[in-house]
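Contents: one structure, followed by commentary.
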Amino acid sequence: MLTVCPLASLPRGEALRVATNPPIAVFHTEDGEVFAIDDTCTHQDASLADGWLEGCAVECPLHASTFDLRTGAVDAPPAKLPVRTHRVEIRDGMVLVDLSAEEPNLPPEVRSRLVAQEPS
């Protein structure tokens, strides 16, 4: 489990980008739920933590694709592939994220950059 931050430091309605490889975004909804998804839109290289949070959905700031934070499903194009979700646990006031072992759905330019950064 990855310790992200104290829940008290992530206000409701806000998101936090976490520098993992690839990065993840942790969202604290207005209803008090906490979700974690891959931070990169599956359509093009844009940070979903910089997007607009409404209910349990986030809208990409680049081309307005929306993703369901609960499932990662695409709710509006141009994105076609879902984002990967990660299990979140709140323990002793801390946000913990269990990173998914599934392959991420990353845009080609991001996937190429990550492969180039991997140690040989």
Side-chain angles (χ1 to χ4, degrees):
M1 295 286 277
L2 173 68
T3 302
V4 175
C5 66
L7 181 59
S9 71
L10 183 58
R12 288 183 182 206
E14 297 291 322
L16 173 69
R17 185 175 199 269
V18 181
T20 54
N21 192 15
I24 63 169
V26 178
F27 295 88
H28 191 182
T29 69
E30 293 290 344
D31 291 337
E33 294 182 279
V34 181
F35 298 97
I37 61 173
D38 282 345
D39 184 50
T40 307
C41 178
T42 60
H43 170 249
Q44 214 167 359
D45 190 6
S47 171
L48 295 175
D50 292 339
W52 296 275
L53 180 61
E54 187 170 325
C56 285
V58 62
E59 181 180 314
C60 176
L62 195 56
H63 293 115
S65 289
T66 59
F67 298 91
D68 186 312
L69 297 175
R70 297 166 292 204
T71 64
V74 179
D75 290 338
K80 293 181 175 98
L81 298 172
V83 290
R84 186 173 58 162
T85 60
H86 308 279
R87 191 172 64 81
V88 176
E89 192 175 307
I90 308 299
R91 189 182 314 147
D92 298 324
M94 297 297 291
V95 177
L96 306 172
V97 176
D98 186 13
L99 297 173
S100 173
E102 292 180 25
E103 278 294 311
N105 290 320
L106 298 171
E109 68 272 16
V110 174
R111 185 173 300 280
S112 298
R113 186 174 64 237
L114 290 176
V115 167
Q117 292 173 354
E118 288 179 358
S120 313

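Side-chain atoms are counted along with the backbone in the values below, which use heavy atoms only and exclude waters and symmetry mates.
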Exercise for review: Taking the side chain as every heavy atom from C-beta outward, state whether C56 and E33 have any atom pair closer than 4.5 Å.
Suggested key: yes

Revision key, fill the gap. Sorted by chain and residue number, the side-chain hydrogen bond (donor to acceptor under 3.5 Å, both in side chains) partners of R17 (sequence neighbours excluded) come out as D39

Review point. Is T85 close to F35 at the side-chain level, that is, under 4.5 Å between some pair of heavy atoms?
Key: no

Review point. Taking only residues two or more places apart in sequence or in another chain, which ones pass side-chain hydrogen bond (donor to acceptor under 3.5 Å, both in side chains) with D45?
Key: R113

Practice item. Would you mind listing every salt bridge (charged side-chain N to carboxylate O under 4.0 Å, His left out) that reaches into residues 81-94, with sequence neighbours excluded? Key: D38-R84, R87-E89, R87-D98, E89-R91

Practice item. Using the test side chain to side chain contact (heavy atoms under 4.5 Å, CB included), find all partners of P6 that sit at least two apart in sequence or belong to another chain. Key: S9, M94

Practice item. Only pairs at least two apart or in different chains count here, so list each salt bridge (charged side-chain N to carboxylate O under 4.0 Å, His left out) that has a residue in residues 49-66. Key: none

Check your understanding: Sequence neighbours excluded, which residues qualify as ring pair (Phe, Tyr, Trp, His ring centres under 6.0 Å) partners of H28?
Key -> none

Practice item. Each residue besides L81 in its hydrophobic cluster should be listed here, by chain and number; the cluster joins Ile, Leu, Val, Met, Phe, Trp and Tyr at side-chain heavy-atom distances under 4.5 Å. Key: none

**Study point:** ring-ring contact (aromatic ring centres under 6.0 Å, His included) contacts in which one or both residues fall within residues 89-114, not counting sequence neighbours
**Key:** none

Point to revise | Minimum-distance pair of heavy atoms, taken over all atoms of A49 and A15 | key: O-CB, 3.7 Å

Study note, to complete from the structure: Residue set satisfying side-chain hydrogen bond (donor to acceptor under 3.5 Å, both in side chains) with N105, at least two apart, ordered chain then number -> none

Let me check something: any side-chain donor-acceptor pairs from residues 67-77 under 3.5 Å, sequence neighbours excluded? List them with distances.
unit_1 : atom_1 : unit_2 : atom_2 : d
D68    : OD1    : R70    : N      : 2.7
D68    : OD1    : R70    : NE     : 3.1
D68    : OD1    : T71    : N      : 3.3
D68    : OD2    : R70    : NH2    : 2.9
T71    : OG1    : A73    : N      : 3.1

Check your understanding: So which residues get pulled into L16's cluster when ILVMFWY side chains under 4.5 Å apart are joined, directly or through others?
Key -> L2, V4, L7, L10, V18, I24, V26, V34, V88, I90, V95, V97, L99

Practice item. Heavy atoms only: give me the nearest H86-S100 pair and the separation to one decimal. Key: ND1-N, 2.9 Å

**Study point:** Qualifying residue for side chain to side chain contact (heavy atoms under 4.5 Å, CB included) with L48, from T42, T40, V83
**Key:** V83

